[in-house]
Amino acid sequence: MRIMNKFLNFIFVRLRIWKFNILSNCYNINGNPKIFHPLLVKGKGKVLFGKNVQIGVVNSPNFYSHYTYLEVRNEESEILIGDNTSINNSFSATAFLSITIKNNVLIGVNCSIIDNDGHHLAIDKRETGTPKSASILIENNVFIGDNVVILKGVTIGENSVIGNSSVVTHDIPKNVIAAGNPAKIIRNL
């Protein structure tokens, strides 16, 4: 049975990780995260991984079907992921400016962080205009639940918890639990 498990892991996990590594086109990557889940890194900017960063969780949803997506669109774009950060399956982060995730952060399944509007909001500029962007900062020891969306210009203070399925549209102070759409403070920690 052990040989069968190794074979299945090779076919359904290792080959997918290898495939997404080949499909990645960002070459300014520093650090060596522990990769348990396919990781696709796109763009002209830079990605920096701290020590002991984990991408993917074996015993969690979307392990065999999804992948992690990091995009640093422009040459000046950057995604910085601090030490001892654990990112669950089906995570995406798109930076036109910067996304900084500090140390000891836990990120749940199917979360998305985007520091821009995606497209310009004016009707006549949606195809050609530059969308508004604002940097995102996630401080130390933050816990982000499953299915959370974090939008441009947000800072989440240290030790805070963001509840499942929240949409974070404004700053969250340190040492609180916030949840909802838009996320609001529920209580202090």
Side-chain angles (χ1 to χ4, degrees), residues 20 23-30 37-49 53 55 61-62 65-82 85 87-102 105-140 142-158 160-174 176-186:
F20 281 87
L23 293 172
S24 294
N25 69 0
C26 178
Y27 303 108
N28 193 359
I29 301 172
N30 293 305
H37 189 249
L39 170 62
L40 181 64
V41 185
K42 305 288 269 179
K44 301 174 186 171
K46 72 176 180 179
V47 177
L48 175 63
F49 295 103
V53 172
I55 305 290
N62 302 328
S65 58
H66 292 65
Y67 61 95
T68 297
Y69 178 80
L70 303 178
E71 180 182 352
V72 281
R73 176 72 57 98
N74 308 307
E75 288 181 13
E76 63 278 357
S77 304
E78 61 184 15
I79 295 174
L80 308 172
I81 301 173
T85 292
I87 299 172
N88 211 315
N89 306 326
S90 190
F91 171 75
S92 68
T94 303
F96 282 25
L97 291 176
S98 70
I99 297 171
T100 301
I101 301 169
K102 289 200 171 177
V105 174
L106 297 174
I107 299 176
V109 173
N110 197 40
C111 290
S112 177
I113 302 174
I114 183 167
D115 77 348
N116 62 82
D117 286 333
H119 292 279
H120 199 286
L121 299 182
I123 295 168
D124 59 336
K125 295 182 181 177
R126 286 187 185 157
E127 296 294 323
T128 59
T130 302
K132 290 182 180 177
S133 301
S135 296
I136 294 172
L137 173 61
I138 299 170
E139 295 282 357
N140 293 326
V142 169
F143 174 27
I144 299 169
D146 294 346
N147 303 304
V148 171
V149 176
I150 300 171
L151 299 177
K152 73 177 189 286
V154 166
T155 295
I156 299 175
E158 65 183 18
S160 287
V161 176
I162 307 299
N164 288 351
S165 301
S166 296
V167 178
V168 184
T169 60
H170 59 277
D171 291 351
I172 303 296
K174 65 181 181 177
V176 299
I177 297 175
N181 182 2
K184 293 183 168 68
I185 297 169
I186 294 173

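All heavy atoms count here, side chains included; hydrogens, waters and symmetry mates do not.
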Verify the distance criterion only: is there a donor paired with an acceptor across the side chains of N116 and S133 at less than 3.5 Å? no
How far apart are the closest heavy atoms of A179 and I186, and which atoms are they? CB-CD1, 3.4 Å
Which atom of I99 lies closest to which atom of A93, heavy atoms considered: CD1-CB, 4.0 Å
Under 3.5 Å: donor-acceptor pair, side chain of D115, backbone of L97: yes
Between N164, I87, I107, which is the residue that forms a side chain to side chain contact (heavy atoms under 4.5 Å, CB included) with I144? I107
When you look at CD of E76, are more than 12 heavy atoms from neighbouring residues, nucleotides or ligands closer to it than 6.0 Å? yes
Look up atom CD1 in I150 and atom OG1 in T155, then write down how far apart they are to the nearest 0.5 Å. 10.5 Å
One pair to check against side chain to side chain contact (heavy atoms under 4.5 Å, CB included): Y69 and L40. What are the steps and the verdict? CA-CA 5 Å; Y69 178 80; L40 181 64; 3.8 Å; yes
Say whether, by atom type as modelled, one donor and one acceptor occur between the side chain of S160 and the main chain of V176 under 3.5 angstrom. yes
Donor-acceptor check, side chain of N140 to backbone of E158, threshold 3.5 angstrom: yes or no? no
K42 NZ: over 12 foreign heavy atoms closer than 6.0 Å: yes
I'd like to know if K46 and E78 make a salt bridge, using a cut-off of under 4.0 Å between side-chain N and carboxylate O. yes
Give, for atom CD1 of I162 and atom CD1 of I138, the distance between the pair rounded to the nearest 0.5 Å. 8.5 Å
For S165 and V148, work out which heavy atoms get closest and say how close. N-CG2, 4.1 Å
Between T85 and F49, does the side chain to side chain contact (heavy atoms under 4.5 Å, CB included) criterion hold? Intermediate values first, please. CA-CA 9 Å; T85 292; F49 295 103; over 6 Å; no
Tell me whether the count of non-hydrogen atoms from other residues, nucleotides or ligands lying under 6.0 Å of NE2 in H119 goes above 12. no
Flag the pair K102 / L137 as yes when at least one side-chain heavy-atom distance between them is below 4.5 Å, and no otherwise. yes
Between the OG atom in S112 and the CG atom in N147, the distance rounded to the nearest 0.5 Å is 10.5 Å
Between SG of C26 and CD1 of I79, what distance do you get to the nearest 0.5 Å? 8.5 Å
Tightest non-hydrogen contact, residues G145 and C111, listed as O-SG, 3.0 Å
Has N30 got a side-chain atom pairing as donor or acceptor with L48's backbone, closer than 3.5 angstrom? no
Heavy atoms of I136 and I114 approach each other most closely as CD1-O, 3.4 Å
H37 (side chain) donor-acceptor with N88 (main chain) under 3.5 angstrom: no
Separation between CD1 (I156) and NZ (K174), nearest 0.5 Å, reads 15.5 Å
Point-to-point distance, once rounded to the nearest 0.5 Å, from CZ of F91 to CG of L39: 10.5 Å
Under the rule for salt bridge (Lys or Arg N to Asp or Glu O under 4.0 Å), what residues qualify as partners of D146, not counting sequence neighbours? none
Of all residues at least two apart in sequence or in a different chain, which pass the side-chain hydrogen bond (donor to acceptor under 3.5 Å, both in side chains) check with T100? none
Atom of T68, atom of S90 and distance for their closest heavy-atom approach: OG1-N, 4.4 Å
Any side-chain heavy-atom pair of I101 and I113 under 4.5 Å: yes
